[in-house]
Participant: 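Below is a structure I'd like to ask you about.
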Protein chains: 2
Amino acid sequence: MNKYSQIFADIVADIDNQRLQKGERIPSESELMDSYAASRGTVRKAVDQLQERGYVQKIHGKGVFVLKPGNIEFQLSGIVSFKESYERLGRAVTTQIADFQLISADKLQAKLLQVPEKTELVRIKRVRNIDGENVILDINYFVAGMIPGLTPQIAQNSIYEYIEKVLKLNICYAQRVFEAQPCIEDDRRYLDLNGMDHVIVVKNHTHFYDGRQFEYTESRHRLDKFFFSDIARR
Amino acid sequence: MNKYSQIFADIVADIDNQRLQKGERIPSESELMDSYAASRGTVRKAVDQLQERGYVQKIHGKGVFVLKPGNIEFQLSGIVSFKESYERLGRAVTTQIADFQLISADKLQAKLLQVPEKTELVRIKRVRNIDGENVILDINYFVAGMIPGLTPQIAQNSIYEYIEKVLKLNICYAQRVFEAQPCIEDDRRYLDLNGMDHVIVVKNHTHFYDGRQFEYTESRHRLDKFFFSDIARR
DNA sequence: CATAATTTGTACGTATGTATC
DNA sequence: CGATACATACGTACAAATTAT
């Protein structure tokens, strides 16, 4: 691991284990330089990343202070599915494959994935059951040529893990849009809506490191099971 | 302005004006070093910030590539109200002050603002009218002692502008949570709900540079007028 | 109130490593 | 293989904000 990544990871661990508590000052740059035998630039890079991810706040002339209390991992920034987030909160999440098909891109799908019409796509519909209720419907479209070997068995587990660990492709960034929509037929069919007539839709355009888009996903959430949190900076 | 901020701003302008188009490579580090007579570290800092804000993607060995098409300013990251966002999209937004009161913090409010009970607060309820419909209800709680001199006239314009430009206080970061909620009485009273029985609530804990929280806000959006977009990174 | 010490911010320079072409 | 481009890491100097003396 890089030196700055090591420093970053160590301090994150200290915050998560509450060895560094909310409001407390972390070691100064010169202290970190000494304890890691690192240059100032290296130490600063680690601390900058801590701030970017919302762990700390740097204050000129004073020091660097912990923002988050440990363990209350609210971290929904980064590319993680909401299924993973719920699992991290210790909730029982099961997945049911509702649909798994090779299709040919129509006009709309071609535009959403930025590929020519009639490109081969894998469409997967998965229902997420949390604490006994069907509350999330994930509809994924993958460009078949970019993600070879997809099977329902893989979809039952983690597709991202397959892409990264088996295919060794680097997932890099996703453009996301959140909005509310009136329920569509699939929502009524697969979800326990309890009379609700809207869902929250998270639209996701996911890209590789080299800029190619390989996926478009709609994650459709029952209203009462949706939440999202982040830290915004001025 | 700093050197790295200048480089950053220039490249952002080039992207917004489409002089640099989506997918195109921006000048390499050594080219930027030459044209700005800057060190490599300075150039890299500017480019790192471009990537953080989602303008570009750096690829090792290849170059730095523009992600966003210009002008389609989707930027809802950062501390901006949804009112400001709508205005930037060229929509007619008007504000009506529904309530402006000095109150004493009850138990819940004290917790949300991290102050003792009975601390003096300014509570402001504002209704945002977009294209002729009342669609957003903002409920702000300010710690009165931290934001002196607030008036309905200021609330009619921009409170943040007052805080930053008149009081010269540095707004720094906000912890936000997004979720859907069933409508409360205030929603039914002030918003044109068109029969919808839920709203999207954005809860906002806003802090100064020195870490003090000065505000708690709930921004309550009619379902069909809510949207949010960002870029997530692995 | 002034000064010094501490701490973070900006900027420069250099060397070496790694990925892409 | 060499050229180009980004990644990591070292070092130095001075500026600016804060706190202690």
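These values consider heavy atoms only, across backbone and side chains, with no hydrogens, waters or symmetry-generated copies. We name chains A, B, ... by the order of the sequence lines, and we start the count at 1 in each one. As the structure is a prediction and not an experimental result, all values here were calculated from the model.
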Participant: Looking at residues at least two apart in the chain, or sitting in another chain, which of them share a salt bridge (Lys or Arg N to Asp or Glu O under 4.0 Å) with B:Lys225?
Facilitator: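 In terms of salt bridge (Lys or Arg N to Asp or Glu O under 4.0 Å), with neighbours along the sequence ignored, B:Lys225 is linked to no residue.
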Participant: Would you kindly say whether B:Gln6 and B:Asn2 are connected by a side-chain donor-acceptor distance under 3.5 Å?
Facilitator: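 No, B:Asn2 and B:Gln6 have no side-chain donor paired with an acceptor closer than 3.5 Å.
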Participant: Can we say A:Arg233 and A:Glu52 salt-bridge, meaning some charged N sits less than 4.0 Å from an Asp/Glu carboxylate O?
Facilitator: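 Looking at A:Arg233 and A:Glu52, the cut-off is not met.
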Participant: If you take any heavy atom closer than 4.0 Å to DNA chain D, which residues from residues 37-46 of chain B end up in contact?
Facilitator: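 B:Arg40, B:Arg44, in order of number.
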Participant: Scan every strand shown for a Watson-Crick or G-U wobble partner of C:dC21, both distances under 3.5 Å, and answer none if you come up empty.
Facilitator: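 By the stated definition (distances under 3.5 Å), D:dG2 pairs with C:dC21.
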Participant: Just checking, any donor-acceptor pair under 3.5 angstrom between side chains of A:Gln153 and A:Asn157?
Facilitator: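 Distance-only check fails for A:Gln153 and A:Asn157.
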Participant: May I ask you to check whether B:Gln18 and B:Asp16 show a side-chain donor-acceptor distance below 3.5 Å?
Facilitator: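 Distance-only check fails for B:Gln18 and B:Asp16.
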Participant: By nearest nucleotide on DNA chain D, pick out whichever of A:Lys62 and B:Val64 is the more 5' one.
Facilitator: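 Residue closer to the 5' terminus by nearest nucleotide: B:Val64.
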Participant: Need two values: the first and the last nucleotide of DNA chain D, 5' to 3', having an atom under 4.0 Å from any heavy-atom of chain A.
Facilitator: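 With heavy atoms of chain A under 4.0 Å away, the range is D:dT8 to D:dT19.
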Participant: Are side-chain N/O atoms of B:Thr95 and B:Arg128 paired as donor and acceptor at under 3.5 Å?
Facilitator: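 Judged by distance alone, the side chains do pair up.
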Participant: Output all residues satisfying salt bridge (Lys or Arg N to Asp or Glu O under 4.0 Å) with A:Lys58, sequence neighbours left out; order by chain, then residue number.
Facilitator: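 Counting only residues at least two positions away or on another chain, A:Lys58 forms a salt bridge (Lys or Arg N to Asp or Glu O under 4.0 Å) with A:Asp48.
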Participant: Find which nucleotide of DNA chain D each of A:Asn2 and A:Ile59 is nearest to by heavy atoms, and output the residue with the more 5' nucleotide.
Facilitator: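 Between the two, 5'-proximity favours A:Asn2.
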Participant: Suppose the criterion is side chain to side chain donor-acceptor pair (under 3.5 Å): which pairs have a residue in residues 102-120 of chain A, not counting sequence neighbours?
Facilitator: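 Qualifying pairs, neighbours excluded: none.
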Participant: State the CG-CD1 distance between A:Asp210 and B:Ile59, to the nearest 0.5 angstrom.
Facilitator: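 If we round to the nearest 0.5 Å, A:Asp210:CG and B:Ile59:CD1 are 6.0 Å apart.
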Participant: Taking NZ, NE, NH1 and NH2 as the nitrogens, is one of them in A:Lys125 or A:Asp138 under 4.0 Å from a carboxylate oxygen of the other?
Facilitator: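 No, no charged N to carboxylate O under 4.0 Å.
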Participant: Provide the start and end nucleotides, 5' to 3', of the part of DNA chain C that has atoms under 4.0 Å from heavy atoms of chain A.
Facilitator: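 Listed 5' to 3', the contact boundaries are C:dT7 to C:dT10.
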